[in-house]
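Residue numbers count from 1 along this sequence.
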Amino acid sequence: MATLTVTEAVHYSAQLQLPDSVPPADKRERADRAIKQMGLAAVAGHRIGGRVCKGISGGQRRRVSICVELLASPALVFLDEPTSGLDSAASFHVMSRIAGLARAERVTVVATMHQPSSEVFQLFHGLCLMAYGRMVYFGPASDAIQFFDSNGYPCPMRRNPSDHFLMMINKDFEELEEEGSTALLLPSATEVIETLVDSLMSQRSLAIRNEALFMMKQGAAFTKKRQATFLTKCVVLTKRSVINMHRDMGYYWLRFGIYIAICVSIGTIFFNVGYGFASIQARASMLMFTSTLLTMMSIGGFPSFVEDMKVFRKEQLNGHYGATAFVIANTVSSTLYLGIISIIPGAVCYYLTGLQRRLDHFLYFAAVLWACTMLVEGLMMIVAALVPDFLLGIITGSGIQGLLMLNAGFFRLPHDLPKPLWKYPTYYISYHKYATQGLYKNEFLGLVFDDGVLGKGLTVSGDYILRTSLQVEMGYSKWVDLAILLAMVFIYRVLFLVTIKVGEAVKPMIKCMSIKV
């Protein structure tokens, strides 16, 4: 996570990966030791950085990732170009520490390397050399020079062996070299590859097969290491998510400032609407606008949702925690912040407008706003799981909310909605319907509106307005509307979890189908 410091990222990972039987002090000590071993002590207090803020360099981020994966001493670690972005000295120090940890913890490290230096190359025990999908060497790294030499491609003195190997088998520039003078200095890469492949299969096919069988037998003996309990993972993820939301200005704080500005605008436009006939439409418009636009602005947090999903997918694939713990932690951590941005801005527009002054009425108003924002966040998390792209996700989320808002019973009264599709089922699955009707009941019931313009003493009750002008369903109380909203909050989060689970099962099948095609 971009908002965490190096120390926080490694410490939280240690709490997730190491079992509860390890004391917290030992977890912190192990995390601090790993940070020092990766040469990150100087930037331990710096934020990792990314979209939100500047932070450590790309090479240091790679070392943080390596540090996190080595905390639990796994049996097997895959490292994809761990030295990219590092100079030769830093590459050697990082790889020597990884090799030392592999020996001390009996960890097998499989790494892809981009032009390793001669010092780094000497650290490797085994070497698998690939050329355009074909294996040209497999065996001890120390025997690779002799293998090339025996096939007529000796490594010159004082040349890095890895540079020599790559130079021999790289045919990307072969056509260009045929037109220049370098063609006289190097043999044909295509010829080299064919020679090495034939030699390898004839000389070492049996040895390779035996080594593969040995590794398969050894792998069968591996057992999954103990980790923290499910409850511990939920607590740690919640703490980490709270810190991330607090430090990410675009997650909630920017929305909070915009909410305040909009609610001040609403309060001044509808300031003290009174109890005349004209205030009926003003109250209905204000409640509808507040419950729809303010909650719709949760779309602004979509980029942060996408970043969270990227972190989750990486850590889930590495076996740190599952989808259920992630969904629970995300829901619990967002509850506090959404409560703040529902109560404070809501109070501004509520009391400036001059709605019912009783505390229970305001608390109901704030509870509906909170439930709506939780609903929208759940919806956008589902979209983030399905459409991991900023622009497409925002467009998709806005379109879904626009359709739900259009069929909420305000722009077109419920009795006038076309029954196929728009009323059944869209009207009844739109959360705006329950939000606006609950707010209407909360505000209009108990009020009496008089005609202050004509002076004829005409009055109309709020109950009559609800039944006729607004066509509100009066067969149940406002608390039922709130209960339905809370149930929808739960349903949306469950759908989010189901979306992740289905994605885990479907994506591998889609990849296999695309490869076959």
Original post:
Are F312 and F326 near enough that their ring centres are under 6.0 Å apart?
Top reply: yes
Subject >> Check: Y492 ring centre within less than 6.0 Å of F496 ring centre >> reply: no
Subject >> Aromatic Y275 / basic R283 pairing, under 6.0 angstrom, 45° off normal >> reply: yes
**OP:** Tell me, please, whether Y440 has K478 positioned over its six-membered ring: NZ or CZ under 6.0 Å from the ring centre and within 45 degrees of its axis?
**Re:** no
Pair [X]-[Y], side-chain donor/acceptor within less than 3.5 Å:
X    : Y    : value
Y321 : Q316 : no
R412 : N407 : no
K233 : Q227 : yes
E69  : S65  : no
D20  : T229 : yes
Q60  : S57  : yes
D248 : T3   : no

Original post:
Is the closest basic N to carboxylate O distance between E8 and K239 below 4.0 Å?
Top reply: no
Subject >> Check ion pair D26-R30 (N to O, under 4.0 angstrom) >> reply: no
Atom [atom1] of residue position [X] - does it have more than 12 heavy atoms of other residues, nucleotides or ligands inside 6.0 Å?
X    : atom1 : value
F230 : CZ    : yes
H246 : NE2   : no
K36  : NZ    : no
F490 : CZ    : no

Is there a side-chain contact between [X] and [Y] in this structure, where contact means two heavy atoms from C-beta onward sitting under 4.5 Å apart?
X    : Y    : value
V94  : R63  : yes
Q356 : Y350 : yes
I280 : F444 : yes
K501 : T324 : yes
L439 : F365 : yes

Original post:
So how far is it from I243 CD1 to R240 CZ, rounded to the nearest 0.5 Å?
Top reply: 10.0 Å
Original post:
What distance separates T7 OG1 from R47 CZ, expressed to the nearest 0.5 Å?
Top reply: 13.0 Å
I need the minimum non-hydrogen distance between [X] and [Y], along with the two atoms involved.
X    : Y    : answer
I98  : L70  : CG1-CD1, 4.4 Å
T335 : W370 : O-NE1, 3.4 Å
V68  : H320 : CG1-CE1, 3.7 Å

Subject >> Any donor-acceptor N/O pair, S334 side chain to T331 backbone, under 3.5 Å >> reply: yes
**OP:** Could you check whether the rings of Y337 and Y252 sit parallel, tilted or perpendicular, using 30° and 60° as the cut-offs?
**Re:** parallel
Original post:
What do the steps show when you test L79 against T112 for side-chain contact (heavy atoms from CB on, under 4.5 Å), and what is the final call?
Top reply: CA-CA 6 Å; L79 299 177; T112 60; over 6 Å; no
